Amino acid sequence: MLDIKCLREDFEILEDSLKNRGAKLNFSLQDLKDLDQKLKNLRTEISNLRENQNKLSKEISVLKRDKKDATELVEKSRNIGDEISRLAENERGLDSQFKTLWYQLPNILLPDVPFGADESQNVPVNYCGEPKDFGFEVMPHWDLGKKIGLLDIERAGKVTGSRFSFHIGLGARLVRALLNFMMDTHRTDGFVELWPPYLVNEASMYGTGQLPKFRDELFKCADDPYFLIPTAEVPVTNFFRDEVLMDASLPVRFCAYSACFRREAGSYGKDVRGIIRQHQFDKVEMVVFCRPEESLNELQFITEQAQKILKKLKLPYRVIELCSGDLGFSSAKTYDIEVYMASSKNYREISSCSNFTDFQARRANIRYKPKDGKSRYVHTLNGSGLAIGRTLAAIYEYYQDDEGYLNVPDVLIPYVGTERIGLTTCF
RNA sequence: GGAGAGAUGGCCGAGAGGUCGAAGGCGCUCCCCUGCUAAGGGAGUAAGCGGCUAAAACUGCUUCGAGGGUUCGAAUCCCUCUCUCUCCGCCA
């Protein structure tokens, strides 16, 4: 949610930001501004009437106490009450109208976000690691995984449905290794570990902006008012919902592993093979709460932190800055990190690090109290650190050798307990 | 799932239709007193939105878990919901 001041005082900035995003609205900003003014006038009117009524009430109470007749004043107050009810009903209608529109506005872009229409105009800002030359045909991860018995997508299809998977034996061990390796890395660098609930209520989904816009993407419980989380961002950001944080505690940096659940509605043709796009996947997420003046640096920090994982795993990757037209709804600025996939020789998103400025904080009502002065909204940021399934897929492809074995990245060997994986289980 | 209790300011806790935004305490801030030990005295201390200001001061409205209702008037009465706690049952 945006600051209402954007509409009242920084109208041009808001207009520009929407234009650069290529946001298509089914209403005009000017109408929204007029609506706001109308509401404001109405509220002033109501507040004046209430003032009169409150005064009358006091007079009535004095009269009653003195055992004097108050019927005339009571009658007057009743009339004002009726008038207020009428106006208040009107106000409720306009207010819900306004809110419906207001919640549809995406966050204001930070000024340095590159202009562009869509993802084709995203800007690569950093390439790291030269993809090696294999000298043989690299197997896609799903082929290798199946061949050496680490991955079973068919049976997951039987047990659940499409876009699910089993990891078996050392495959399962690798998942656990990645999870622990990532969490250990972040913890060592000062992030506080959080182990969150995977089901959250509707208020939390509104708090981080999944609702109302992305309802189609969420799994909902049939008999309980809960949703499966699409990312740990939701429970972790909502950890501080409706709270005022102490200045001294900022910045707060959390890391959390969670399973993530997404319906992936409308992506039927995409990534049907392998484990790149699943309804359930594992992810380690970083979430930061900071003072407004810190958020630019924090975005750099978590982007570096995510890259650190890939560097340690010695996987080639690139960092791209999302252009104005490709930026997510709540984000003011986003870096995506894309890992090199050796079989298809392209880069796939493995992390997305965003600065939400005060957009989520306003929605989720998360504030802090500066040393002196009134409480303000914090800035929130988050970034994957990293998507475990996609990291695993990248490893399957980048670490296979010409004998069809999978080599374990050095940093994972202590976690996996072996250096090289061939066919070890067979069901 | 069954039975009961509760939800009030940063925290504890009174309040039971009318000068209640809310006693008292703790905590915190400022001031005073005293050199002798974690003391004493005084003052202040919620948030949101609006008006007026250069900015304050000032001022209006709203807020006592959420929503609705009764009433001239609701923290107080009624209804619905949510959450918390205790006991029983079930259970990883």
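These figures come from a predicted structure and were not determined experimentally.
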Pair up each side-chain donor or acceptor in residues 207-214 of chain A with any protein partner under 3.5 Å, not counting sequence neighbours, and list the distances.
| from | atom 1 | to | atom 2 | distance (Å) |
| --- | --- | --- | --- | --- |
| Thr208(A) | OG1 | Ser204(A) | O | 3.1 |
| Thr208(A) | OG1 | Gln210(A) | OE1 | 2.8 |

Seminar exercise, completed: Every stem of 3 or more Watson-Crick or G-U pairs under 3.5 Å that RNA chain B joins, in order of first number, is B:1-7 with B:82-88, B:10-12 with B:24-26, B:27-32 with B:40-45, B:46-51 with B:58-63, B:65-69 with B:77-81
Exercise. NA contact type, Ser61(A), heavy-atom cut-off 4.0 Å: base, sugar-phosphate, or nothing?
Worked result: base
Problem set entry | Whether Ser354(A) side chain and Phe356(A) backbone form a donor-acceptor pair below 3.5 Å | no
Just distance, no hydrogens or angles: give the donor-acceptor pairs under 3.5 Å from side chains in residues 215-222 of chain A, sequence neighbours left out.
| from | atom 1 | to | atom 2 | distance (Å) |
| --- | --- | --- | --- | --- |
| Glu217(A) | OE1 | Glu264(A) | N | 3.2 |
| Glu217(A) | OE2 | Glu264(A) | N | 3.4 |
| Glu217(A) | OE2 | Ala265(A) | N | 3.0 |

For this session: Only pairs at least two apart or in different chains count here, so list each side-chain hydrogen bond (donor to acceptor under 3.5 Å, both in side chains) that has a residue in residues 166-181 of chain A.
Result: none
Problem set entry | Flag side-chain contact, heavy atom, 4.5 Å: Phe427(A) against Arg155(A) | yes
Exercise. With respect to the phosphate group of G60(B), does any side-chain polar atom (N or O) of Asn54(A) fall under 4.0 Å of OP1 or OP2?
Worked result: no
Exercise. Is Arg420(A) close enough and on-axis enough to Tyr405(A), meaning under 6.0 Å and within 45°, for cation-pi?
Worked result: yes
For this session: Assign a letter to each nucleotide of nucleotides 65-76 of chain B from its 5' end: B, base within under 4.0 Å of a protein heavy atom; S, sugar-phosphate only; -, no contact.
Result: -------BS---
Exercise. Are Arg348(A) and Tyr317(A) in a cation-pi contact, defined as NZ or CZ under 6.0 Å from the six-membered ring centre and within 45° of the axis?
Worked result: no
Exercise. Going by atom types only, do Ser330(A) and Asn107(A) share a side-chain donor-acceptor pair under 3.5 Å?
Worked result: no
Exercise. Does Arg8(A) pair with Asp36(A) as a salt bridge, N-O distance under 4.0 Å?
Worked result: yes
For this session: Kindly assign one of parallel, tilted or perpendicular to the pair His279(A) and Phe164(A), based on the angle between their ring planes and the thresholds 30° and 60°.
Result: tilted
Exercise. Which letters describe nucleotides 44-53 of chain B, given B = protein heavy atom under 4.0 Å from base, S = only from sugar-phosphate, - = neither?
Worked result: ---SS-SS--
Exercise. Which part of the nucleic acid, if any, lies within contact of Asn48(A), taking any heavy atom under 4.0 Å across all strands shown: a base, the sugar-phosphate backbone alone, or nothing?
Worked result: nothing
Exercise. Nearest-Å distance, CG (Leu42(A)) to C1' (U62(B))?
Worked result: 15 Å
Exercise. Taking NZ from Lys55(A) and C1' from U19(B), how many angstroms apart are they, rounded to a whole number?
Worked result: 15 Å
